[in-house]
Amino acid sequence: MICARCDKQIEGEPLPIAVETGSGVSATIYICRTPCRSAPQQR
């Protein structure tokens with residue numbers, strides 16, 4: 001699985017985050033459990 005924050009392969013168990021996209025709709029993204037840096041294109 002790829003981390004939504006750093007855009008790298010997640011090692012171990014991912015941390016699911018529910019993000020509201022509007023009108024009561026939500027999406028679940030997955031990030032690393034350990035602190036990671038944002039990918040360069042997301043800055």
Side-chain angles (χ1 to χ4, degrees):
M1 187 172 292
I2 303 296
C3 176
R5 184 173 26 197
C6 67
D7 204 27
K8 294 182 182 176
Q9 184 72 28
I10 296 175
E11 299 295 327
E13 189 70 26
L15 180 65
I17 304 289
V19 179
E20 287 194 32
T21 57
S23 301
V25 177
S26 65
T28 302
I29 61 170
Y30 297 92
I31 60 173
C32 300
R33 286 202 177 265
T34 58
C36 60
R37 302 186 102 184
S38 297
Q41 69 272 15
Q42 293 179 345
R43 288 185 181 170

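Just so it is clear, the structure is predicted and the values come from calculations on it, not from any experiment. Each residue takes its place number in the sequence, starting with 1.
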Point to revise | Hydrophobic cluster identity match, Val19 and Tyr30, side-chain contacts under 4.5 Å | key: no

Can you name the closest pair of heavy atoms from [X] and [Y] and give their distance?
X: Arg37; Y: Cys6; value: O-CB, 3.0 Å
X: Leu15; Y: Cys32; value: CB-O, 4.4 Å
X: Pro14; Y: Arg33; value: O-NH2, 3.6 Å

Check your understanding: Does a side-chain heavy-atom distance below 4.5 Å link Lys8 with Cys3?
Key ->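 Side-chain contact under 4.5 Å: no.
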
Review point. Taking C-beta and beyond as the side chain, do Ile2 and Asp7 meet within less than 4.5 Å on heavy atoms?
Key: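 Yes, at least one pair of side-chain atoms sits under 4.5 Å.
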
Kindly compute the distance separating [atom1] ([X]) from [atom2] ([Y]), expressed to the nearest 0.5 Å.
X: Glu20; Y: Ser26; atom1: CD; atom2: OG; value: 6.5 Å
X: Ile10; Y: Met1; atom1: CD1; atom2: CE; value: 6.0 Å
X: Ile29; Y: Ile17; atom1: CD1; atom2: CD1; value: 6.5 Å

Review point. CD of Gln9: more than 12 outside heavy atoms within 6.0 angstrom?
Key: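 Yes, CD of Gln9 has more than 12 neighbouring heavy atoms, counting only those of other groups under 6.0 Å.
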
